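Below, chains carry the letters A, B, ... as their sequence lines are ordered, and counting in each starts from 1. Hydrogens, waters and symmetry mates are skipped; everything else that's a heavy atom, side chains included, is used. As the structure is a prediction and not an experimental result, all values here were calculated from the model.
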Amino acid sequence: MGLRLHNTLARRTEDFHPVVAGRVGIYGCGPTAYGPAHIGNFRTFVFYDLVHRYLEWKGYQVRFVMNLTDVDDKTIRAARDEGVSLGHYTQPWVDRILEEADVLGIRRFDLYPRATNYIEEMVQIVQRLLDRDLAYTTEDGSVFFDISAFPTYGRLSGRDLEKARQGERVSADEYGKEDVRDFALWKGTKPEDEKVGAAWDAPWGRGRPGWHLECSAMALAEVGETLDLHLGGEDLIFPHHEDEIAQSEGATGRTFARYWLHVKHLRVEGKKMSKSLGNFITVGDLLEEGVSPAAIRHQLLSAQYRSELNFTRAGLEASSRAVRRLVAFGERIREHPVAADAPPTSLLDLADQATEAFNRAMDDDLNSAAGMAALFIFVKRANAVLDATEALDPGERERAVRVLESLDQVLGLLELSERSHVVDASLREWVEERIRARAGARERKDWGAADRIRDELAERGIVLEDGEGGTRWKREEGVG
RNA sequence: GGCGCCGUGGCCAAGUGGUAAGGCAGAGGACUGCAAAUCCUCUAUCCCCGGUUCGAAUCCGGGCGGCGCCUCCA
């Protein structure tokens, strides 16, 4: 089976073939470190994680680089307002973004380059563009890319350049471009830049890089001249990625990225969300409300990345229940009795079907919704098998467990919920003592005493489950 | 105004020419001292109208409705 991806550049779904068979180089546009990332950002980053995990699951050797933008208009302004250097301002946000990514089970990528560490590379790109007459300098020391010298400009976003020119509102032309459509590669230094340390020397003048240039420099330096995959949110198609292509290909003469994947923006409770509107919720907010990370992750994966996804509390509740079902199945099958002489069941077939269906769904442009459905079909049917089976053949049980784990290598749901089940030892001891006391009461058929203990535990958020092998307990989960 | 997306059961969401995956909720059942938890079973003809086709949720045309990008933004 082969992976197919919807390539924004081609406007259709294509077979995926990396430049070098078996190896994939990926660059994902990361966040700007000027504030907390919101849940919409994390739809994109969880998608990156899905791409990362799935390609590795398929056996590719993956190099995945996601940048952290730490110098741009917003970070400079914020650092100036707080009276600190750029690095002082951005570092805490970088830390928090990575922490929250960890919470959601986003596996660490290979590298998180920061723009300020690649100034030299950026200067080189600009120099090459100047040498090739694809860019020009202005009086204040800025450098602009000359769009008229790059015929395929507009191909990614599919826009008509002439119309764009006419429709464009001519904004305050601070840096003196020749054409409103030209974009800044380098911005001549201003006093506020100097104040926060956001100014570097370059042959044509002191200044700082344009936002688009940062990504090109980091991608070319850390992934290579031709990326297999370039990922980003849909808002980046124009102008960010369009400009990345122009400056990268202008500098190298090579195809910059073969496949461009763009994640549709998330909505929250039916409304558009964006940093500028200020209506964003963060992972931290959700955790404080008691929402489980696995529920968040589940909801973010519940729709295919190119379709609309409305992030809601009701949806989180549903996701939480769904994850619980998965976890319960995992526990159940691991504990199901085995016997060497157990008769064969359909479990092996079900396991094969699950893997096959999952693979097919994910190969079809990373359809995580269909992929998760494949897993849940397995859970449902395997549960029915367990209902009807006293004991399993050890090999069958082993196989079923392995398939569950295998699919979770990509989805990362069980992995996450297991991680959050860690409880401190003293609590554990106390709970277990209470459970023993209750067991004694139950043996005496003193139901009143037994129920009082259960209530006592419930007050501390501990839920009991009486089963065949004794009483199990767990912490009550909050919403989601 | 330009470009583009979407409209599937109470909610979320797959399926894109061969007769509706999955999750949540709901109902029924199993289990239980009672519970909780868990498991099983059941519940749709796909916004409307017209067309193409042996056959359409799936293709075409027209409506109605929702949304995104075009500006810093994942």
Side-chain angles (χ1 to χ4, degrees), chain A residues 8 11 28-32 34-35 37-48 66 69 72-74 77 157-160 163-164 166-169 171 211 231-240 262-267 270-277 280 298-299 302-312 314-329 331-332 357 361 364 367-384 386-388 442 445-448 450-451 454-455 458 463-468 471-474 476:
Chain A
T8 305
R11 281 179 175 56
C29 279
T32 299
Y34 78 102
H38 57 59
I39 193 64
N41 292 303
F42 281 108
R43 178 189 195 184
T44 298
F45 305 146
V46 166
F47 171 68
Y48 290 4
M66 181 177 98
T69 297
D72 77 326
D73 294 348
K74 291 184 292 289
R77 201 177 312 133
S157 52
R159 61 187 57 223
D160 184 311
K163 280 185 183 161
Q166 288 157 13
E168 190 155 343
R169 305 179 286 276
S171 55
W211 173 44
L231 317 177
E234 61 173 342
D235 55 295
L236 299 183
I237 297 172
F238 184 87
H240 187 55
H262 291 99
V263 183
K264 184 124 179 150
H265 272 193
L266 182 74
R267 294 200 294 151
K271 287 195 214 141
K272 177 192 166 172
M273 125 178 275
S274 75
K275 286 183 180 176
S276 62
L277 293 180
F280 62 87
H298 177 96
Q299 194 174 27
S302 68
Q304 198 256 5
Y305 75 96
R306 285 192 296 124
S307 44
E308 200 168 88
L309 189 143
N310 185 11
F311 194 86
T312 64
L316 278 173
E317 183 60 44
S319 286
S320 172
R321 306 283 308 195
V323 170
R324 217 175 294 175
R325 178 169 165 78
L326 220 47
V327 171
F329 173 71
E331 287 172 357
R332 184 180 186 200
D364 181 17
N367 192 338
S368 52
M372 288 202 289
L375 176 56
F376 278 98
I377 290 170
F378 176 64
V379 169
K380 180 197 277 271
R381 296 192 180 153
N383 265 322
L386 297 185
D387 278 353
R442 295 181 74 208
K445 297 201 188 300
D446 183 353
W447 308 126
D451 288 349
R454 185 163 67 194
D455 292 343
V463 182
L464 299 186
E465 297 170 9
D466 295 332
E468 282 171 40
T471 298
R472 290 160 51 140
W473 63 279
K474 65 176 186 182
E476 188 175 29

What is the minimum heavy-atom distance between A/Gln299 and A/Asn310, and which atoms define it?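 What the structure gives for the nearest pair is NE2-O, 3.7 Å.
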
Can you see which heavy atom on A/Thr471 is nearest to which on A/Arg442, and at what distance?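 Result for this residue pair: OG1-NH1, 4.0 Å.
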
If the cut-off is 4.0 Å, is A/Thr32 near the phosphate of B/rA74, judged by side-chain N/O to OP1 or OP2?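 Result: yes.
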
Please determine if a side-chain N or O atom of A/Lys272 lies less than 4.0 Å away from the OP1 or OP2 oxygen of B/rC69.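 Answer is yes, contact under 4.0 Å.
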
Does the side-chain ring of A/His265 lie flat on the base of B/rG68, meaning centres under 5.5 Å and planes less than 30 degrees apart?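 Taking the rule of under 5.5 Å and under 30°, the ring of A/His265 does not stack on B/rG68.
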
Mark this stacking check for A/Trp447 against B/rG33 as yes or no, applying ring centres under 5.5 Å and ring planes under 30°.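 A/Trp447 ring centre within cut-off of B/rG33 base, planes near parallel; stacks.
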
Which whole number of Å gives the distance between the [atom1] atom of [N] and that of [M]?
{"N": "B/rG22", "M": "B/rC72", "atom1": "C1'", "answer": "39 Å"}
{"N": "B/rC59", "M": "B/rU53", "atom1": "C1'", "answer": "9 Å"}
{"N": "B/rG61", "M": "B/rA56", "atom1": "C1'", "answer": "15 Å"}
{"N": "B/rC46", "M": "B/rG10", "atom1": "P", "answer": "12 Å"}
{"N": "B/rG9", "M": "B/rA20", "atom1": "P", "answer": "16 Å"}
{"N": "B/rA44", "M": "B/rC11", "atom1": "P", "answer": "15 Å"}

Please name the nucleotide paired to B/rA30 by Watson-Crick or G-U wobble geometry with both distances under 3.5 Å, or report none.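 The answer is B/rU38, by the H-bond criterion.
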
Now, which nucleotide makes the Watson-Crick or G-U wobble pair with B/rC67, with each of the two distances under 3.5 Å?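 Paired with B/rC67, as far as the under-3.5 Å criterion goes, is B/rG4.
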
Between A/Leu236 (CG) and B/rC73 (C1'), how many Å, whole number?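 To the nearest whole Å, that distance equals 8 Å.
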
Atom CZ of A/Arg442 and atom P of B/rA35: how far apart are they, to the nearest Å?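 Interatomic distance, CZ of A/Arg442 to P of B/rA35: 13 Å.
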
Walk along nucleotides 10-15 of chain B from 5' to 3' and tag each nucleotide B, S or - by protein heavy-atom contact under 4.0 Å, base first, then sugar-phosphate. ---SSS

Generate the contact string for nucleotides 36-43 of chain B. Rules: B means base contact, S means sugar-phosphate contact only, - means no protein heavy atom under 4.0 Å. BSSSSS--

